[in-house]
Amino acid sequence: MAQKPSIPKGTRDFNPEEVSKRNYIFNTIRSQFEVFGFQPIETPSFENSSTLMGKYGEEGDRLIFKILNSGDYLSKVDDDLYQAKDSNRMTSRISEKALRYDLTVPFARYVVQHQNEIDFPFKRYQIQPVWRADRPQKGRFREFYQCDADVVGSKSLWQEVEFIQLYDAVFTALGLKGTTIKINNRKILSGIAEVIGAQDKLIDFTVALDKLDKIGEEKVKEEMLNKGIPQSGIDKLQPLFNLTGNFASQVDELKSILNTSEEGTKGIEELEFITKGIETLGLKTAILQLDVTLARGLNYYTGAIFEVAAPEGVKMGSIGGGGRYDDLTGIFGLKDVSGVGISFGLDRIALVLEDLNLFPETITNTVKVLFINFGESESMASMKAIKELRENGVSAELFPDKKKTIKQFNYANKRCIPFVVLLGESEIASKTYTLKNMNSGEQQQLTLEDLISTLQ
RNA sequence: GUGGUUGUAGCUCAGCUGGUUAGAGCGUCGGUUUGUGGUACCGAAAGUCGCCGGUUCGAACCCGGUCUUCCACCCCA
């Protein structure tokens, strides 16, 4: 009995048209990465669990796909552990490998492992799939591609400036106008937490603050109170909730809130450096926006935090994110190597471009010319011409079977093949080729030479 | 991981409060005679109604479980 074929939840097949579209995005991103001086690396699709576990917080650990050990793994588990039914402890005994969850941690591992071969600062890009055991939603998959560019070994804030330009360059090249690059700084968040007496509750504080535009001011305050942040501290946040105006005035407001915090003030200095650079250099289509509520956060961001929102009106989560992490390689034993990077969510970008109808029409590649099959000897003559065409860079093919001409023409139509060649007895006798333009319907008799030059 | 939602031919969907052989459009395939298409006309194939179980004389329709879809949390690209 044949079973109904299916693929796992949150994964997808891609047909030729979809692959073409995705390749178009890949190529656009890749060429911008290279123009900006990044070099490609690749890492394995799975890593040792110890490399990944604990790097993304508790939530992250849950979302990591674990790979079962080979062999009779259960026999090696002792009875006590087996009886205890403690999934966390059990997992580490029966699974020692896990699928890549993002590209940043494997990159950190790579840098530490290859530190002696790398010339710092090292600018690398990486375009590979990652896997998360999340529950799928629109624009959220369990297998998806990230396109990352990172620099390690430079504390210069010019990197941040460059990454904003890189975002702008990619989205401009894709024709996606009006993206919003949100920027924030971990030091500013820490500073605020310090000022309100919640420095030990930074994560709780930022997670709550991050929800501001989603659940509103009151609910955010409520959540903060529930997490043990004192009312007096929350009161000090009031100016934050009323933050409006242009970039400069928002920064001024922040300055006054943070003037007692050394770290917060440092964060503001960084922010001002970056924005001054961008103001001077300009952006083509993107908008840079300060967002103090932006706290998406991999726990390792220490400086700038970025997130990119699709143009207004498109219902989609962030299509890119990134930031500065001063001590990522520290986890793997290499101290004082600062990193900063950004990521593009290919699958979401594809959905947005589809939504806005921004894919160029010419990206689906099809064969340029189809030879009609009239029989054995005609096919042989066709194959000779096809060989010539291919050697001259023209994609060409012979319809493989001698079917009714109508069928063969229909096939050319369905595949959107722009030209058809008829090579039958009379053409062979006169050493000519009948070329038909499938759009205009025009036909002309050509020599092989002319055929090649016409199609090139 | 929590709560909700969806699932009928390849695709998009009908199918009244459970009642005989489950329908349509599009697509596919064949035909309208022999080397010319995207139009038209004729015809055909195609569904264990997501899967498993239950209630019932009888279920696509009711109930339970499971998988899948989408949504809201959580979190994130």
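Letters A, B, ... mirror the listed sequences (proteins, then strands); counts begin at 1.
Applying the side-chain contact (heavy atoms from CB on, under 4.5 Å) criterion to A/L448, with sequence neighbours excluded, gives A/A385, A/E388, A/Y433, A/L451, A/I452. Take A/I94 and apply the side-chain contact (heavy atoms from CB on, under 4.5 Å) test, not counting sequence neighbours, and it matches A/L68, A/Y73, A/L74, A/V77, A/M90. Listed by chain and residue number, A/R415 satisfy the salt bridge (Lys or Arg N to Asp or Glu O under 4.0 Å) test with A/E397 (two or more places apart in sequence, or in another chain). The ring-ring contact (aromatic ring centres under 6.0 Å, His included) search around A/F374 returns none, not counting sequence neighbours. Take A/Q250 and apply the side-chain contact (heavy atoms from CB on, under 4.5 Å) test, not counting sequence neighbours, and it matches A/L243, A/L290.
The stretch residues 440-456 of chain A participates, sequence neighbours left out, in no salt bridge (Lys or Arg N to Asp or Glu O under 4.0 Å) pair at all. Evaluation of the side chain to side chain donor-acceptor pair (under 3.5 Å) test over residues 90-99 of chain A, restricted to residues two or more places apart or in two chains, returns none. For residues 29-51 of chain A, the set of pairs meeting the salt bridge (Lys or Arg N to Asp or Glu O under 4.0 Å) definition, not counting sequence neighbours, comprises A/E47-A/R109.
The nearest heavy atom of RNA chain B to A/E307 and to A/P8 marks one nucleotide each, and the one closer to the 5' end goes with A/P8.
Between the side chain of A/R348 and the backbone N or O of A/S318, at least one donor-acceptor pair lies under 3.5 Å.
Distances from the side chain of A/P136 to the nucleotides B/C29, B/U2, B/C70 place B/C70 closest. Side-chain proximity of A/K9 to B/C73, B/U69, B/A77: nearest is B/U69.
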Exercise. Given Watson-Crick or G-U pairs with both distances under 3.5 Å, what dot-bracket string fits RNA chain B, with | for other-strand pairs and [ ] for crossing?
Worked result: ((((..(..((((.....[...)))).(((((.......))))).....(((((..]....))))))..))))....
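Contacts of residues 344-355 of chain A with RNA chain B (heavy atom under 4.0 Å): A/G345, A/R348. For RNA chain B, the neighbouring residues in residues 10-31 of chain A, judged by any heavy atom under 4.0 Å, are A/G10.
Side-chain contact of A/T434 with A/E427: a donor-acceptor pair under 3.5 Å is present, judged by distance alone.
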Exercise. If the sugar-phosphate is the primed atoms plus P, OP1 and OP2 and the base is the rest, what is the B/S/- string for nucleotides 36-45 of chain B, using protein heavy atoms under 4.0 Å?
Worked result: BBB-------
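Heavy-atom neighbours of A/E425 CD from other residues, nucleotides or ligands within 6.0 Å: at or below the threshold of 12.
Separating the P atom of B/A14 from that of B/U6 is a span of 12 Å, rounded to the nearest Å. For the C1' atoms, the distance from B/U68 to B/C51 is 10 Å, rounded to whole Å.
OP1 or OP2 of B/C74 has at least one side-chain nitrogen or oxygen of A/K211 nearer than 4.0 Å. Taking only side-chain nitrogens and oxygens, A/K404 never comes nearer than 4.0 Å to OP1 or OP2 of B/C29.
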